[in-house]
Amino acid sequence: LVSTTSTYVVASSRGSDGWVAPPSAFAAGASTSAQPSAVELSPPLSPPLSHPSSRQWSQPFEWDVHEPIAMKAGLSADIARAIAEGRRPEGMQPDEALLFDFYTELQRHQAVSDATYASAVAMWGEQAVVDLAGGIGYYAMLALLMNVARTPVASGRPSTLPTLPR
């Protein structure tokens, strides 16, 4: 994904030069409140914002770019592996479990329960919850666009994200 001043180019195996997407396709990412880096979560939780979306949409580019960042920030290898395998990680800290539940509910049910919302607001504050939802939507949008474009893994090597049965 490369940004110029007015367009974004998404690498694609379906075309030699990639796709040119209009800026409106990435307007959410330009908004301060929707940028994943703006979410005020503890350090191990901020970098893996794309992990559940990468897994949900089986997006290897997002996974392979963000997995090393998340690991460097302190995400447990066991937690990353469980997410990659499509299962709920064991041994999560309370904030990690809440983040996982928030993601899971929002992606599976297109909503978050009152209990999960209240817990998230109590832990991180309402603005961070709004930012978190925006970050989840942003990474889902990127994953979908890159899946349609069949964006290859940046390193040129096979992805570390296992393919799940459909």
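Owing to the predicted nature of the structure, the values given are computational and were not obtained by experimental measurement.
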Q) How far apart are the C-alpha atoms of F102 and V129, what are their side-chain angles, what is the distance that settles it, and do they pass the side-chain contact (heavy atoms from CB on, under 4.5 Å) test? A) CA-CA 9 Å; F102 193 96; V129 171; 3.7 Å; yes
Could you check if a side-chain atom of [X] sits within less than 4.5 angstrom of a side-chain atom of [Y], using non-hydrogen atoms only?
X: Y139; Y: H66; answer: yes
X: W124; Y: D131; answer: no
X: V153; Y: P158; answer: no
X: P152; Y: F61; answer: no

By side-chain hydrogen bond (donor to acceptor under 3.5 Å, both in side chains) - contacts of [X] (at least two apart):
X: S119; answer: none
X: S76; answer: none
X: E85; answer: R87

Reported [atom1]-to-[atom2] distance for the pair [X] and [Y], which is rounded to 0.5 angstrom:
X: I83; Y: R55; atom1: CD1; atom2: CZ; value: 10.5 Å
X: E62; Y: W57; atom1: CD; atom2: CH2; value: 11.5 Å
X: M141; Y: I136; atom1: CE; atom2: CD1; value: 14.0 Å
X: T151; Y: L145; atom1: OG1; atom2: CG; value: 7.0 Å
X: E126; Y: L132; atom1: CD; atom2: CG; value: 13.0 Å

Q: May I have all residue pairs that pass salt bridge (Lys or Arg N to Asp or Glu O under 4.0 Å) and include part of residues 101-111, sequence neighbours excluded?
A: R88-D101
Q.
Filter on salt bridge (Lys or Arg N to Asp or Glu O under 4.0 Å), then keep only pairs touching residues 132-144, sequence neighbours left out; what's left?
A. none
Set of residues satisfying side chain to side chain contact (heavy atoms under 4.5 Å, CB included) with respect to [X], sequence neighbours excluded:
X: A118; answer: none
X: A84; answer: W63, L161, P162
X: Q93; answer: D95, E96

Q. If you look at every heavy atom in P89 and A82, which pair is closest and at what distance?
A. CA-CB, 3.6 Å
